[in-house]
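Counting begins at 1 with the first residue of the sequence.
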Amino acid sequence: MRRPLRPGTALELPPSPGNLPVELNRFVGRKAELAELGRRLDCSRLVTVTGVGGVGKTRVTLRAAHLMQERFLDGAWLVDLSTLHEPDLLEHAFTEALGLADHLGRRPRRALAEQLAERRLLIVLDGFEHIVEECASLVRELLCRVPGLRVLAAGRRLLGLPGEQAFPLSPMPAPAPARSPRGPRALVGDAAVLLADRASAVLPGFTITDDNRWAVAELCHRLDGIPLALELAAGRLRALSVDQLLHRLDDRFRLLTGGSRGALPRHQTLRTAIGWSHELCTPRERLLWARLSVFAGHFDLEAVEYVCSGPDLPADDVLDVVTELVAQSVVVCEDAPGGTPPAGGPAGAHVRYRMLDTVRAYGACWLDALDDTVRMRRRHRDWYMGLATWCELDWFSPRQAEVAARIDTELPNLRVALEFSLEDGEDAHIGQYLAGTLGFFWVGCGRLAEGRHWLDRALELDGDNDEARLKALWVAGYVAVLQGDTVGAIAALRECSEEAERTGSALAAACALHRTGCLALVSDDMPRAERLIRSALERYREIGELNSNVLTGQVELAMALAFQGDLSGAVALCENVREICEEHGERWTLSYALYVLGFAAWARGDAREARKLLEESLAIHHAFHDLVGTVLTLELLALLTACEGAPEEAAVLQGAAGHLWRSVGLPRFGSQSFDSPHQLCEQRTREELGAERYEECLREGARLDLDGAALRALRGAGRATPLPGPRGELPTVEPAATHEPAASPTASGGETAG
């Protein structure tokens with residue numbers, strides 16, 4: 001398992017498996033806790049670090065995971081659920097964080113367990129408290145079905161599973177100093193070291209001296225040694241001395257003491273620390289803090305300027321106020337790769353912001369008190385709907401890779417926007433529009449399962465906008481085709497076609513016809529697929545469409561022709577697609593055109609050209625995380641490798657593809673046409689290797705993950721000198737069994753812009 005690649009990412013293996021974030025500042029103290037965590041994890045497969053919010057649970061568990069990751073052959077992986085508010089997406093969140101494949105038509109939990117079954121890995125689980133029951137159920141099943149799995153969880157409560165080891169994390173040592181500042185030298189514990197370290201970052205040269213030692217120790221003691229409180233205090237040292245902090249802290253403690261009678265003192269202390277920081281903010285800073293609470297995960301300045309500005313906070317002043325909140329450690333500023341401003345600015349490093357969950361929750365309480373939550377959430381939704389619309393338009397452009405990366409980065413906020421739109425029927429049409437607009441992402445970047453979730457939810461509601469519902473219908477129908485849900489696909493596409501005729505929507509009618517042709521393609525009804533897709537392409541031309549819909553339609557038509565023996569017609573169509581893609585800088589649809597051209601080159605005996613085309617296709621598929629496109633190309637490369645005289649390597653690639661198909665759904669879509677390359681490769685390699693050696697190579701390939709399989713295919717292992725491939729049309733081989741169709745070849749994992 002490796003980290004999933006995104007468009008523009010170099011195809012290179014990381015030094016070790018996993019996705020643990022790199023520490024951005026010095027880790028202080030906790031030596032005894034880290035040692036004990038290591039011992040606990042040696043004895044138990046599930047250890048949960050518990051404690052009050054802000055005590056450092058996440059930081060300690062991540063540090064422990066870094067120290068222990070070499071014990072796990074398949075690495076250590078962080079699954080952060082803090083921004084996940086939809087329990088139905090829990091399995092998808094695990095899949096994404098672990099760098100695994102989208103589940104498509106299979107039951108997500110089962111597919112996840114099967115992909116991890118033979119792995120030895122550590123999962124660091126964070127931010128699960130709000131979905132603890134669903135999370136506990138999934139963790140229990142994974143632990144039962146994955147013997148090599150260990151889980152290190154961090155939360156305010158236990159998961160409540162058998163065999164779970166509780167590890168309560170206390171605040172950092174912060175002993176009370178002598179009563180008088182002039183008394184014996186105060187002892188300096190880890191809390192004071194942490195405060196000094198963070199203070200020196202905002203106030204260069206700050207150290208603990210004899211003059212401030214007592215005040216530092218007293219400040220840490222009053223803050224109960226809670227790391228979050230200490231970091232907030234350190235941020236204020238830019239403007240106040242330690243003595244001034246103590247004086248103000250004393251006032252704020254008296255102001256904000258209390259809370260519920262049953263609350264733990266440390267809970268009150270943390271709220272005091274955050275409330276004290278809030279009190280020290282100016283009115284405009286407090287207002288922005290509250291409004292920022294509507295964001296999930298990371299956000300950028302442009303979004304803040306639109307969502308949070310108003311007569312009481314002009315957009316031109318937002319940057320200054322954000323800067324002050326960053327200086328006070330209320331907002332965290334980070335450089336994020338792949339950011340592209342909504343106006344289509346340059347790619348590359350892009351400054352983004354985030355708030356700690358506890359700080360965000362505090363701001364949300366104030367926003368509720370201002371009776372402004374609904375208005376802010378609506379502005380937030382409108383911004384991200386605009387972002388999705390812009391990205392859909394820009395998908396068919398040289399910025400396609402940047403668009404994919406941007407939507408991937410903004411997914412937590414897009415989920416919040418979708419959730420708000422679908423909470424009641426009043427804004428159902430907006431939810432339908434947003435879910436449909438993101439069709440290019442659901443299909444093109446391996447997010448079919450999540451896309452289907454949102455589309456189904458949106459279509460359950462009765463919206464008052466025909467165009468929005470029609471868009472959601474044709475995208476939902478296409479996703480259902482790709483997942484192998486024939487019944488769901490027919491229902492959505494039939495409704496779309498009927499409603500398009502009733503409302504006179506030419507685009508919806510063309511899209512419904514196109515997607516119905518795709519269903520025929522994966523059902524091996526090539527004459528019907530050709531007829532329907534040709535008709536859809538004609539309708540696209542009549543309404544002036546030129547985008548990924550048209551180009552993928554041409555590639556799908558080329559597939560239908562190729563499977564009927566018309567290779568020259570297929571090549572002509574794909575060469576035209578190739579020319580248009582190169583002219584417009586489009587890459588995703590190009591990868592499918594290259595796949596068909598590679599198939600044709602192999603069929604006419606030009607193995608060298610076929611490999612060149614297929615390797616380029618595979619690299620693009622993999623960069624977009626297009627799983628089905630990747631597996632389709634692997635299958636054809638395996639056959640080509642066998643024809644080049646390297647049967648062992650061909651069998652390894654077949655084993656890798658076979659393993660990955662289990663994550664997709666029905667192997668080769670249950671289609672005789674798509675199954676033929678696999679059957680021919682198997683026959684040839686079995687004859688040359690013998691059954692025993694062939695099975696050994698299959699097992700070797702099955703141990704490769706998605707990244708490893710793509711790298712193996714692109715770099716080769718033991719590749720022989722190319723030999724001439726077979727002449728003429730690919731022979732038809734009867735499949736081993738008859739299945740229902742599972743997915744379309746064009747998006748074979750990726751797809752068209754909705």
His621/Tyr595 aromatic ring centres below 6.0 Å: no
Polar side-chain atom of Asn413 near backbone of His298 as donor-acceptor pair, under 3.5 Å: yes
List, one per line, each side-chain donor-acceptor pair under 3.5 Å for residues 132-144, sequence neighbours excluded.
| residue | atom | partner | partner atom | Å |
| --- | --- | --- | --- | --- |
| Ser137 | OG | Arg109 | NH1 | 2.8 |
| Glu141 | OE2 | Arg145 | NH1 | 3.3 |

Ion pair check, Glu423 and Arg377, cut-off under 4.0 Å: yes
Identify whether the distance between the nearest side-chain nitrogen and carboxylate oxygen of Arg110 and Glu114 falls below 4.0 Å. yes
Return the orientation label for the His514 and Tyr540 ring planes: parallel under 30°, perpendicular over 60°, tilted otherwise. perpendicular
Does a salt bridge link Glu129 with Arg157, judged by any charged N lying under 4.0 Å from a carboxylate O? no
Taking 4.0 angstrom as the limit, do Asp408 and Arg447 come out as a salt bridge? yes
Say whether, by atom type as modelled, one donor and one acceptor occur between the side chain of Ser497 and the main chain of Arg494 under 3.5 angstrom. no
Between Asp626 (side chain only) and Cys445 (backbone N and O only), is there a donor and an acceptor less than 3.5 Å apart? no
Whether Asn19 side chain and Ala97 backbone form a donor-acceptor pair below 3.5 Å: yes
With rounding to the nearest 0.5 Å, note down the distance linking CZ in Phe94 to CG in Leu116. 9.5 Å
Taking NZ, NE, NH1 and NH2 as the nitrogens, is one of them in Arg399 or Glu586 under 4.0 Å from a carboxylate oxygen of the other? no
Judged by atom type as modelled, is there a donor-acceptor pair below 3.5 Å linking the side chain of Thr589 to the main-chain atoms of Leu551? no
Arg415 with Glu96: basic N within carboxylate O range, under 4.0 Å: yes
Set of residues satisfying ring pair (Phe, Tyr, Trp, His ring centres under 6.0 Å) with respect to Phe295, sequence neighbours excluded: Phe299, His380
Does Leu507 offer a backbone N or O that forms a donor-acceptor pair with the side chain of Arg539 under 3.5 Å? no
N/O donor-acceptor pair under 3.5 Å between Gln400 side chain and Trp588 backbone: yes
All pairs passing salt bridge (charged side-chain N to carboxylate O under 4.0 Å, His left out) where residues 380-390 contributes a residue, at least two apart: Arg381-Asp427
